[in-house]
Amino acid sequence: MNTAHIAAGILLLSALGSTHAVPVVTSASGSNPAGIQAAVDAYRASLGALNPNVAGSVGAGRREINWDGVPDAFSAPNNLPANFFNVNSPRGAVFATPGSGFQVSGNAAVAPVRFGNLNASYPEVFQTFSAQRLFSALGSNVTDINFFVPGSAVAATVRGFGAVFTDVDLGNSTSMQFFDQNNALLDTLLVPTGPNGGLSFLGALYAGQSIGRVRITSGNAALGGVESGNDLVVMDDFIYAEPIAVAIPEPETAALLLAGLGIVGLASRRAKRREAA
C-alpha cells in the first residue's frame, strides 16, 4: 500500500473525528470576589468533587490551582517552574509561554504583593479572588496549559477548564482557546470584561474528554510597564476537570480506518486495471 493510500485513510479518520460538541460556558464579572462567586461555584459543581493533589488520575472530579500554597522560593521575585503543578504538587498541568517564564506574586512581608515587584502601580490595579497570590507569564501575555496524568509524562485530556482574571477592561483582549488531543482548535472564547480593577470568570465544559491544551491570552500586552494604552490582565484560580490519559482509538475506529484504506486501495487497483485495458 503506498503513502497516498495511507494519507487518504488518515484523512478519513480525521474527518470522522473532526466534529465536537458545543461547550457549556459559564461566565461572570464583578467588582469583587462576591460578584463572580456564584458562577465559580456552579462551574465547580459541574466538574465534580475536588481531588487531592496526588499523583495519578482518579477518573472523575476536578483539580484546582489557586497559587496561594506556592512556596516563597518559587514566588516573586523568583520564577515558578513550568512543571511545578505536575512535579512538585501533582495536578497534571504544565505551562508554556513564548515569553521568558512564569511568576506567582509574592506574599506580604516577603515581596511586594500583586506584582508590585514588576511595577509599583500593580497592587492598586489587580485584586485577588482567593488571597493573596496571582499568576502571570513574563515577557508575554500568552500562557499554554498542557495536561498530563498528574505526576507523570503521560499526555491527558480534560473535559472542562475555567479561570479567574483580574482587570479585564477590553472586550477582545482576553481569551481562552481550547485544543483537542491532536492540537486542533475546538473553540475560542472571550473573557467578559469587568468593572475597572474587577474580576472576571470564564469556564467551558465539554460532553467528553476533549481538551488537550488551553491557550490563555491575558490582556493585550505583557506585564512590566504602566497600563496606560494597554489592557494588562493577570490570573487567579484555575479550575479544571480531572486529567485522564489520552485514549487509544477504539477498535471500531481502527477497523474503520483500515476499511477506509482498503476502499482506497481497491479503487486504485480498479483504476489501474482500466488504464491497462
Side-chain angles (χ1 to χ4, degrees), residues 17 19-28 36-69 82-96 129-130 135 143-165 174-192 200-218 235-250:
T19 60
H20 69 276
V22 175
V24 176
V25 177
T26 302
S27 65
I36 65 170
Q37 188 69 60
V40 172
D41 288 344
Y43 187 72
R44 285 169 167 156
S46 71
L47 296 180
L50 179 63
N51 296 323
N53 304 323
V54 295
S57 177
V58 301
R62 73 180 195 272
R63 303 270 178 149
E64 293 195 17
I65 300 173
N66 62 16
W67 317 108
D68 304 316
N83 63 357
F84 182 90
F85 286 103
N86 195 45
V87 174
N88 304 67
S89 181
R91 305 183 206 187
V94 176
F95 308 132
F129 176 69
S130 58
F135 171 76
T143 298
D144 285 310
I145 303 100
N146 298 279
F147 299 103
F148 297 85
V149 173
S152 81
V154 177
T157 56
V158 301
R159 65 189 185 95
F161 180 91
V164 174
F165 301 84
T174 301
S175 66
M176 293 201 293
Q177 294 178 287
F178 299 87
F179 297 82
D180 69 11
Q181 66 190 51
N182 298 313
N183 209 35
L185 179 65
L186 298 172
D187 294 285
T188 298
L189 303 176
L190 294 176
V191 176
S200 303
F201 174 75
L202 176 68
L205 176 62
Y206 289 83
Q209 293 295 130
S210 298
I211 307 167
R213 176 171 68 95
V214 176
R215 167 162 286 191
I216 295 176
T217 300
S218 50
M235 295 161 274
D236 205 334
D237 295 24
F238 286 0
I239 304 166
Y240 52 98
E242 179 72 7
I244 297 175
V246 171
I248 298 173
E250 296 292 334

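The chain is numbered in sequence order, starting from 1.
- Remark: Phe161 CZ to Leu205 CG distance equals 13.5 Å, nearest 0.5 Å.
- Listed by first then second residue, pairs satisfying side-chain hydrogen bond (donor to acceptor under 3.5 Å, both in side chains) with a partner in residues 38-47 read Gln37-Asp41, Asp41-Arg44, Arg44-Glu64, not counting sequence neighbours.
- When each of Phe238, Phe135, Phe129 is paired with Val164, the side-chain contact (heavy atoms from CB on, under 4.5 Å) condition holds for Phe129 and for no other.
- Between Leu47 atom CG and Tyr240 atom OH the span is 11.5 Å, to the nearest 0.5 Å.
- Scored by the side-chain contact (heavy atoms from CB on, under 4.5 Å) test, Arg213 finds Asp144, Asn146, Phe179, Asn183, Arg215 as partners (sequence neighbours excluded).
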In sequence, state the C-alpha distance, the side-chain angles, and the governing distance for Trp67 and Phe84, and then conclude on ring-ring contact (aromatic ring centres under 6.0 Å, His included). CA-CA 11 Å; Trp67 317 108; Phe84 182 90; 9.2 Å; no
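- At a threshold of 4.5 Å between non-hydrogen side-chain atoms, the residues Val54 and Pro150 do not count as touching.
- Contact between Ser27 and Ala39 at its shortest, heavy atoms only, is O-CB, 4.3 Å.
- The two residues Val154 and Ser152 have their closest heavy-atom pair at N-OG, 3.1 Å.
- The closest donor-acceptor contact from the side chain of Asp180 to the backbone of Gly212 lies at 3.5 Å or more, if one exists at all.
- Panel note: side chain Arg62, backbone Gly48; a donor-acceptor pair is recorded below 3.5 Å.
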List the steps, then state whether side chain to side chain contact (heavy atoms under 4.5 Å, CB included) holds for Phe85 with Asn53. CA-CA 9 Å; Phe85 286 103; Asn53 304 323; over 6 Å; no
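- Side-chain N or O atoms of Asn182 include none that pairs as donor or acceptor with a backbone N or O of Ala184 at under 3.5 Å.
- Residue Ala207 comes nearest to Ala21 through the heavy atom pair CB-CB, 4.4 Å, listed as atom of the first residue, atom of the second, then distance.
- Between Pro90 and Arg63 the shortest heavy-atom distance is O-NH1, 2.8 Å.
- With rounding to the nearest 0.5 angstrom, the CG atom of Leu186 is 10.0 Å from the CD atom of Gln181.
- Shortest non-hydrogen contact noted between Ile244 and Val149 is C-CG2, 4.5 Å.
- For the atom pair Ser210 OG and Phe178 CZ, the distance stands at 11.0 Å (nearest 0.5 Å).
- Interatomic distance, Ile216 CD1 to Phe95 CZ, rounded to the nearest 0.5 Å: 8.5 Å.
- A side-chain N or O of Tyr206 and one of Asp187 form a donor-acceptor pair less than 3.5 Å apart.
- When side chains are defined from C-beta on, Phe201 does not count as touching Asp237, because their heavy atoms never get closer than 4.5 Å.
- Between Ala204 and Leu189 the shortest heavy-atom distance is CB-CD1, 3.9 Å.
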